[in-house]
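Worth saying up front: this structure is predicted, and the values here are computed from it rather than measured. Letters A, B, ... are given to chains in the order of the sequence lines, protein chains preceding strands, and every chain is numbered from 1.
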2 protein chains.
Amino acid sequence: MNIGAVAKASGVSAKMIRHYEQIGLIGHSPRTEAGYRQYQERDLHTLKFIRSARDLGFSLEQIRQLLSLWYDGERSSAEVKQLAESHLSDLDERIQALITMRDALVRLSESCCGDDRPDCPILEGLAGHVPASSSPPQLSKQKAQGV
Amino acid sequence: MNIGAVAKASGVSAKMIRHYEQIGLIGHSPRTEAGYRQYQERDLHTLKFIRSARDLGFSLEQIRQLLSLWYDGERSSAEVKQLAESHLSDLDERIQALITMRDALVRLSESCCGDDRPDCPILEGLAGHVPASSSPPQLSKQKAQGV
DNA sequence: GTTGACCTTCCCATGATGGCAAGGTCTAGC
DNA sequence: GCTAGACCTTGCCATCATGGGAAGGTCAAC
């Protein structure tokens, strides 16, 4: 298989496959005389693995570890699970951060009537004059960080 | 005020203040004879605005627009609100994407007992052999609230 | 006058990905 | 055999917001 074929079959772009090779995430593939990279079923399998891990949000560094665990018949599933859990809490943090943003923005946005007049609680909020929230702030996820 | 002082007071690093100046997000500040940037209260106000908008996840491009609306006495609050709503749906998309990842990862992780044996449904899942999920996968939405 | 905190500009790095350019290779159709 | 077009190669640049560091100038306090 040429790179285009594995790319299509794996869902990883040719560009990225070359990149993964360059950073050592995957090995150097053999080349034809003309210099074309040649891939086997096994490589396709690896690329699909990488693709799945990317879809779950694992970083390339984490994928490097996942691959080495995958290849290692002596691994303990605990190691894998630990990696997954660690990524999981990272995801949770990011989700929380975004939700905090969203909640704050929703509150600002709701307080703005959005008509043709210039008065705008959103801008005022950004400028530091926080609008009185209509509902009590029991979400506790307000602007915790502030300045 | 020197740059260090506004940086501290605004929560925007000196590095970033110079950067914002360079990309034209804020104007060029006057300089002392020695070349030190000099800032006024007004600049501090602007930087705090930027910092708040960054805390809400607005991109620098969006902040550029927000600033110009802020400065524009003739703006309609509708324009501001539209910008906010647009960012809001972007946030929602990103949150959903992360939650989708998290749900999938949770499902994989739960199916792995995490002991010292090598058998690992997480790796198998990544390799394409999706484990049978114990409960039907309709949980994606409900968790949007309670993360 | 020295020291240390602060400032300046400039370059590089991040992470994962895409784009483009200049050029080589392969293959199908003529 | 020749040519068009699809495919491959490498290499550089861009994204986005931010930080690090180097080399050097300035300022204030002691």
Side-chain N,O ([X]) to OP1/OP2 ([N]) below 4.0 Å:
| X | N | answer |
| --- | --- | --- |
| A:Arg37 | D:dC8 | no |
| A:Arg51 | C:dA16 | no |
| A:Tyr20 | C:dA16 | no |

Rounded to whole Å, please give me the gap between [atom1] in [X] and [atom2] in [N].
| X | N | atom1 | atom2 | value |
| --- | --- | --- | --- | --- |
| A:Ile63 | C:dG15 | CD1 | P | 13 Å |
| B:Tyr39 | C:dC6 | OH | P | 16 Å |
| B:Glu33 | D:dT26 | CD | C1' | 12 Å |
| B:Ile3 | D:dT26 | CD1 | P | 17 Å |
| A:Ile17 | D:dC8 | CD1 | P | 9 Å |
| A:Gln22 | C:dG18 | CD | P | 16 Å |
| B:Glu21 | C:dC7 | CD | P | 14 Å |
| A:His28 | D:dT9 | NE2 | P | 13 Å |

Nucleotide of C:dG18, D:dC27, C:dC7 approaching B:Ala34 most closely (side-chain heavy atoms):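 Output: D:dC27.
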
Nearest listed nucleotide, side chain of A:Ser13, among C:dT25, C:dA16, C:dG18: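 Out of C:dT25, C:dA16, C:dG18, the nucleotide with an atom closest to A:Ser13's side chain is C:dG18.
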
5' priority, DNA chain C, between A:Thr32 and A:His19 [closest heavy atom]: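 Closest to the 5' end, via its nearest nucleotide, is A:His19.
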
Pair A:Arg107 + A:Asp103: basic N to acidic O under 4.0 Å: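 Looking at A:Asp103 together with A:Arg107, the answer is no, because their closest N to O distance does not fall below 4.0 Å.
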
Ring geometry between A:Trp70 and A:His45 (parallel below 30°, tilted from 30 to 60°, perpendicular above 60°):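 Judged by the thresholds at 30° and 60°, the geometry between A:His45 and A:Trp70 is perpendicular.
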
Which part of the nucleic acid, if any, lies within contact of [X], taking any heavy atom under 4.0 Å across all strands shown: a base, the sugar-phosphate backbone alone, or nothing?
| X | value |
| --- | --- |
| A:Phe58 | nothing |
| B:Arg54 | sugar-phosphate |
| B:Arg18 | base |

Residue whose closest nucleotide on DNA chain D lies nearer the 5' end, B:Lys15 versus B:Leu60: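 Nearer the 5' end of the strand: B:Leu60.
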
DNA chain D: 5'-proximal contact among B:Tyr36 and B:Ser59 (nearest heavy atom):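 The residue closer to the strand's 5' end, by nearest nucleotide, is B:Ser59.
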
Among A:Leu56, A:Leu88, A:Val80, side-chain contact (heavy atoms from CB on, under 4.5 Å) partner for B:Leu108: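 Of A:Leu56, A:Leu88, A:Val80, side-chain contact (heavy atoms from CB on, under 4.5 Å) with B:Leu108 is met by A:Leu56 alone.
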
Sidechain-backbone polar pair: B:Glu79 side chain, B:Ser76 backbone, donor-acceptor under 3.5 Å: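 Yes; judged by distance alone, with no hydrogens or angles, the pair exists.
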
B:Arg51 charged N/C atom sitting above B:Tyr20 aromatic ring, 6.0 Å / 45°: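 Verdict for B:Tyr20: no cation-pi partner in B:Arg51.
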
